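Read through the structure below, which is laid out as structure tokens, and then see the notes.
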Amino acid sequence: MRAAEQLAQGLRMTYREACRQAIREALNDDPRAFLMGEDVGLYGGCYAVTKGLLEEFGPERIRDTPLAESAFVGAGIGAALAGMRPIVEIMTCNFSLLALDQIMNNAATIPHMSGGQFAVPLVIRMATGAGRQLAAQHSHSLEGWYAHIPGLKVLAPGTVEDARYMLKPALADPNPVLIFEHIVLYNAEDELDPAVTSVDISSAKVRREGRDVTILTYGNSLPKSLEAAETLAGEGIEAEVVDLRVLRPLDDATIFDSVTRTRRCVIVDEGWKSGSISAEIGARLVEERFFELDAPLRRVCSREVPIPYAGHLEEAALPQLPQIVEAARSLMGRK
Amino acid sequence: MRAAEQLAQGLRMTYREACRQAIREALNDDPRAFLMGEDVGLYGGCYAVTKGLLEEFGPERIRDTPLAESAFVGAGIGAALAGMRPIVEIMTCNFSLLALDQIMNNAATIPHMSGGQFAVPLVIRMATGAGRQLAAQHSHSLEGWYAHIPGLKVLAPGTVEDARYMLKPALADPNPVLIFEHIVLYNAEDELDPAVTSVDISSAKVRREGRDVTILTYGNSLPKSLEAAETLAGEGIEAEVVDLRVLRPLDDATIFDSVTRTRRCVIVDEGWKSGSISAEIGARLVEERFFELDAPLRRVCSREVPIPYAGHLEEAALPQLPQIVEAARSLMGRK
Amino acid sequence: MSEKPHLDRAHGQHLFKEMLRIRRFEARCAELYQAQKIRGFLHLYDGEEAVAVGIMQALEERDAVVATYRDHGHAIARGIAMGPLMAEMYGMLEGCSRGRGGSMHFFDRSKRFYGGNAIVGGGLPLAIGVALADKDLRSGAVTACFFGEGAAGEGEFHECMNLAELWQLPVLFVCENNLYAMGMPLEYAEAETDIYRKASAYRMPAEAIDGMAPIAVEAAARRAVESIRTGNGPYFLECRTYRFRAHSMFDAQLYRTKEEVALWKARDPLSRMQAWLQESHMLSSDDLARIDGEVEAEIDEAVAFAEAGTWEPVEDLERFVLMDEVPE
Amino acid sequence: MSEKPHLDRAHGQHLFKEMLRIRRFEARCAELYQAQKIRGFLHLYDGEEAVAVGIMQALEERDAVVATYRDHGHAIARGIAMGPLMAEMYGMLEGCSRGRGGSMHFFDRSKRFYGGNAIVGGGLPLAIGVALADKDLRSGAVTACFFGEGAAGEGEFHECMNLAELWQLPVLFVCENNLYAMGMPLEYAEAETDIYRKASAYRMPAEAIDGMAPIAVEAAARRAVESIRTGNGPYFLECRTYRFRAHSMFDAQLYRTKEEVALWKARDPLSRMQAWLQESHMLSSDDLARIDGEVEAEIDEAVAFAEAGTWEPVEDLERFVLMDEVPE
Ligand SMILES: Cc1ncc(C[n+]2csc(CCOP(=O)(O)OP(=O)(O)O)c2C)c(N)n1
Ligand SMILES: Cc1ncc(C[n+]2csc(CCOP(=O)(O)OP(=O)(O)O)c2C)c(N)n1
Ligand SMILES: [Mg+2]
Ligand SMILES: [Mg+2]
């Protein structure tokens, strides 16, 4: 049935299916791997990512947990310390705040604090982002904020390919890796390149080349940025779109290389502007590439509000195409 | 005894005593005010800030709580919603992670999400910072990180005067205000200016004027920065030292004014560098004051490690005088 | 307020009508969701109406309510007008939260309704704080705090139960045990599935009651509120109930059988109450038609109110992120 | 391993010596703290030695330990050499955590000692995870998880108790009830002051035992570990004990009376054990002198080891923030 399913769907799949395939692969490849979280089993995953996996792997490897984020995230850390390779799903990053003590004070700290005696080879997956009118307590974009914490790696797949192939290296990594899957992307569909069977989780990736201006982005702002680049191309502005995809540690080399070439930079980030990952990149630019920049930085981020339910307000709160286009244009001295 | 005590100590007091006087004043001035937290009563406060207050105000207004950060912080939010003016003490910001859901999803969100029907006039005080060899789980500097959250105000008193006078306007503010008191500053002593009876919690403050380079800082990095400015003055470099003191919302006017004059900027911040408040300021500079800067930004922050216990390692992990001096010098083209 | 519910004709019809208002309001919401007038998450209370309706009978105006994301029933039973509720569903400025909250976040200051809360367990600390304020202010008010049995897994549940009893706070804990937390069956989630027994770990008085019977709920709530107001500290009610529909609008219900749902539907609080009132000659077919008509009219009006609503201007997006003053 | 402790001469002396090793080690630490050789926080276990020593008797090499910031007793009783412990206190590279953890954060992979944890309650989820791994790996190992009665207030306590029982994990919960959490007396902190009774909310077997009596602790621990290894799920022991000294080195002890401390000191596990062994002719004065000498020598050696320690090079500050590989 697995093979049949793969065959049936070929290499065209949704981001959701890509996440599922990645989990399936991880569990098949490593007997120490298991998935744990709320409603990952019986319910099939709150965004249907894990549908069918309980039947396939059984309740020990697809472990439904009670509502107890701190305990089961901490249990993931403990299991990792003791030799397992847990994949913990926090239903959405909004609930991850309940587990932050475990993430910061234990997962991110114990390897260093124990003098390297213990590693925490753990993956924590969570859904992130806004755009489905779920209101303030269900619309956070916290990936950039988590990127502040030493000892963590933070990934944000923005393509079906990354959703498909990031989990394996993340689980093979000896460090706690947080993967943020954007809720709006789950339905995104793409054809996978059969030649690609893995992705690198240490580097950003140029998704579109361009000489005039660099657009740095990730997650659900990536498709928006690519669309903006198309619009800009129509006006003769060639934007280079860089998918950060690794938010910690940031891939300075790729970022600086692009900005040094284009000498202009727009950052598009669904996090609240102040203190988002766009802030850190901006600071690095003014520290490290000050003389290479021809124009001020422009940031297109979420407005600094709890994201409202009403559609028009939510839309106004999030980075949108026209703002990205306008930002790039303004850097080129256009109106 | 209160009057006598005040008389006895005159206007010279420690930062610790200033915090205590501020609480005493708040409780005397407003019957709706009360203090709640772990060991604030019987024990006298883990840093002895609240010593004597239980005897003075009784257990209803100096309320000892069990170890239950999420519940008692949330209770402070609820009490504020219902008309009280709670001052909640989280013993140190390291434990505030356990209450982050309440802070972000309730305190920071409900006023906006309820369409302005409810305010959260709450103050949360917490100790912050490193420098006393308390190791990784007791040495976080999270104030800059909290400054990411819309709906909060974030204060960081760096002087005895601010410790004495920030609480009153913070409690009068209709919004949740977080006050971060630096553990190393508690013993700092200063003479209060009798002419000053209040401070402004919306603005940064120039603590030392200078024309050559701006040093932006706050908290326990303020005394280090002032010392650095003295050293630099000996070399003919006049550094302006700006005490940010309000980390959210940032006082752009004062920051930009200083940097526009000096055209050079060093930020000294005890937070981990990536994603610290120094990042946000750096990004704003490259957005808003790009053409006014003559040199790249320099940041002197904590190293991106869980802060170690060993004294020499802790020292190496934190911003120190020589690095501040070196950063400023380098911006002036000196070695 | 006396302890026992008055089971006269008027009160019987009142209970029935209150439940019907919720049921029909939500049925309309489900339609409007299909029609994409309502978006986001929509969690229906269908089947659980007896709980909110029964509890609210015991509350007075001065009392406070803290609800969950499944808050339509609580809001309606608390007496918030349907118009602003429906407008909130539509995301309109005229909604009870200016359209910013939607289905999960009803607020009403005038009713001391401290919000639907979408973080499981997240409302409990708020309830503790509201009750603490009321205790300090000697207002005599009680805070009713609703939550699902799933919330009993969260650490905040434990912290709050302890604080409430330790500080003898006037809180009525109302656990709506509908046997599932999304797709998580209670017996897979809790080592002790009698939730009310957990209260003994805090020495808090507690009982399990039939949450499908509004009169039983009302009677228990009156006893509990009486005890709380007398100064005996908090009280815990586990209301055993069931949701007839999916958890939210995105739920294939793989975790339970149709047979189980059917069994519970046989205990539908509305049809049982109706039958009982009719058998007891407390509800004539005229009464029924009248009530039905009133409820339909109220909902039509609410929908019209919502349809006529306006959008909050985008320029106001940042309003109230920081408040200028504390509302009185 | 059999269920009952063998109360022969050798074992009696062993228990006594183990407690003495902890007592003397800490007394030296207190001196070294005054001399500023040790810095940061220092939480002494003075008075509570019977708990760690009693529990560790029931553990095997394959078992795991999760401790708190008050971890000297656990580490010593678990058999970690005193030299690396003292060097850790000094902040030396030769310390059991390279000097990075200090008093609160002893780690030892070879002893499956998963750290002193300085976040109250923070170790419990780790213990759940370690036990889950052991269960999945069918290792037969038990995880002993130590925490103070103050931790019972935290939400994580609740979440972890439930998970352990629900999933039938091999965890021995050891609550060190010393009646105070810093300055917070238990009766001001908990509505239910019999901590072991909380376990009933999770249907977990639990008992309260005399934490001042190493033999009682050992006997209970053996029963509990036996039950756990047999596959009966977790077990909860509330050990009633007392700390003779201040919470940490910064504590004026305003919250308790000298009389209360004196009453408990009369129950000092060390002097009582010594008296009992002597009365039972299981400890001669020669034995006592020998043990004393051995312990003093061990501590002197540990101090010498620490004094001879080196500082981790500052260039290595960032080493292990990210690991290159998972240690085997
Ligand atoms: C802290 C947290 N974790 C997870 C969720 C996702 N979630 C929303 S409702 C729900 C089930 C809650 O079940 P229960 O408390 O029994 O209430 P019910 O929906 O049955 O009324 C879950 C898991 C959430 N909102 N908050
Ligand atoms: C989450 C958290 N809150 C507060 C503290 C500060 N603190 C350190 S020890 C302690 C008391 C803990 O008491 P208990 O659990 O009884 O252990 P004991 O110290 O008595 O052994 C407190 C409040 C902390 N370390 N972690
Ligand atoms: Mg439920
Ligand atoms: Mg204690």
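Computed from a prediction, not measured in an experiment: that's the story for all the values here. Residue numbers begin at 1 in each chain, while the letters A, B, ... track the order of the sequences. Below, each value reflects all heavy atoms present in this structure, side chains not excepted, and no hydrogens, waters or symmetry copies.
Nearest heavy atoms, Pro174(A) versus Met323(D): CG-O, 3.2 Å. Ser97(D) and Met113(A) make their closest contact through CB-O, 3.3 Å (heavy atoms, listed as atom of the first residue, atom of the second, distance). Residue Trp167(D) comes nearest to Thr65(A) through the heavy atom pair CH2-CG2, 3.8 Å, listed as atom of the first residue, atom of the second, then distance. Nearest approach of Gln117(A) to Phe107(D), heavy atoms of both residues: NE2-O, 3.4 Å. The minimum heavy-atom distance between Ala82(A) and Leu137(D), with the atom names listed, is O-CD1, 4.0 Å. What you find for Pro66(A) and Leu166(D) is that their closest heavy atoms are CG-CD2, 3.7 Å.
Contacts of Arg61(A) with chain D are absent, with no heavy-atom separation under 4.5 Å from either backbone or side chain.
Contact of the His105(D) side chain with the Ile110(A) side chain is not registered, since no non-hydrogen atoms from C-beta on lie closer than 4.5 Å. For the pair Val326(D) and Arg85(A), the minimum side-chain heavy-atom distance is below 4.5 Å. In this structure, the side chains of Pro125(D) and Val73(A) stay at 4.5 Å or more apart for every pair of heavy atoms. Side-chain contact between Met36(A) and Leu132(D) is present, with heavy atoms from C-beta onward closer than 4.5 Å. Side-chain contact between Asp101(A) and Glu154(D) is absent, with no heavy-atom pair separated by less than 4.5 Å. Looking at heavy atoms from C-beta onward, Asn117(D) lies in side-chain contact with Asn106(A) at the 4.5 angstrom threshold.
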